[in-house]
Amino acid sequence: MGAPSAGGGGRRRLLVETAFVLGVLLKGLDGLVELVAGTALLVLHQDRILALTRAAVAEELREDPHDLVANLLLNQAAGLDHGAAVAGGLFLLLHGVVKVVIVAALLAGSRRVYPWAVGALSVLLVVQLVQLVLSPGVGVVALVLLDAVILALTWHEWRIGRSFHDAWRSVVHGWFPRAGA
């Protein structure tokens, strides 16, 4: 398969495939971060979590004491109790495991994982929508939108019968035609 033409259909397909590939890779990275964060919430004492959070946001708060994200993280860490840490840790671990397993199966090239991926991403999206209703926030809105896009792209790739490897090759050949030559 050659590089897509600069025309509308080929370029649009390349952009959709690129979004799918990047979305899957980001979802895998997100899953790994959730695994680490979930584990940290389960094994670290709340004082240690607060100290690590302070260290992580210190530079940003020196530059901008009113930074929204840094202050939100700091406030969340300061208000964390043991029950919330355990619940949050288990929630993040479950999310992380599901995402990492789905991404690993997609990376392995299995087309059979698409129905499972669509189902799991749909459930995660519903959970995030509930979370959005219960505690609205910019971060939750961003995650809901990102996951909705990734779900739609995964559904699209499944519907046309392409594996992640197919999409990856198409993206590499589309953006870097000489790489595959």
Inset, instruction - Kindly check if the number of other-residue, nucleotide or ligand heavy atoms within 6.0 Å of CH2 (Trp155) is above 12? - result: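 At most 12 heavy atoms, drawn from other residues, nucleotides or ligands, come within 6.0 Å of this atom.
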Does any part of the side chain of [Y], heavy atoms only, come nearer than 4.5 Å to the side chain of [X], both counted from C-beta?
X	Y	answer
Leu146	Asp30	no
Val141	Leu132	yes
Leu41	Val86	no
Leu125	Leu121	no
Tyr114	Leu106	yes
Leu92	Thr39	no

Inset, instruction - Show your working on side-chain contact (heavy atoms from CB on, under 4.5 Å) between Gln46 and Asp81 and close with a plain yes or no. - result: CA-CA 7 Å; Gln46 287 75 17; Asp81 64 23; 5.8 Å; no
Between [atom1] of [X] and [atom2] of [Y], what distance do you get to the nearest 0.5 Å?
X	Y	atom1	atom2	value
Phe20	Thr154	CZ	OG1	5.0 Å
Leu143	Leu129	CG	CG	11.0 Å
Leu124	Lys99	CG	NZ	6.0 Å

Legend entry - Shortest non-hydrogen contact between Thr53 and Ala77, atoms and distance: OG1-CB, 3.5 Å
Legend entry - Nearest heavy-atom neighbours spanning Gly28 and Val103: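 Gly28 and Val103 have their closest heavy atoms at N-CG2, 3.5 Å.
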Inset, instruction - Under the side-chain contact (heavy atoms from CB on, under 4.5 Å) rule, what do Leu153 and Glu17 come out as? Steps first, then yes or no, please. - result: CA-CA 8 Å; Leu153 292 168; Glu17 290 167 343; over 6 Å; no
Inset, instruction - Scan for side-chain hydrogen bond (donor to acceptor under 3.5 Å, both in side chains) pairs involving residues 136-153, sequence neighbours excluded, and state none if there are none. - result: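 Residue pairs with at least one partner in residues 136-153: Lys27-Asp147, Gln128-Asp147.
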Inset, instruction - With sequence neighbours excluded, tell me which residues meet ring pair (Phe, Tyr, Trp, His ring centres under 6.0 Å) with Trp116. - result: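 Partners of Trp116 under the ring pair (Phe, Tyr, Trp, His ring centres under 6.0 Å) test: none.
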Inset, instruction - Determine, stepwise, if the pair Leu107 / Leu25 fulfils side-chain contact (heavy atoms from CB on, under 4.5 Å). - result: CA-CA 9 Å; Leu107 292 175; Leu25 295 175; 4.1 Å; yes
Legend entry - Carboxylate-amine/guanidinium proximity below 4.0 Å for Arg111 and Asp166: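 Between Asp166 and Arg111 there is a salt bridge, with a charged N closer than 4.0 Å to a carboxylate O.
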Legend entry - Verdict with supporting geometry, Arg162 and Ser170, side-chain contact (heavy atoms from CB on, under 4.5 Å): CA-CA 10 Å; Arg162 292 168 44 87; Ser170 182; 3.6 Å; yes
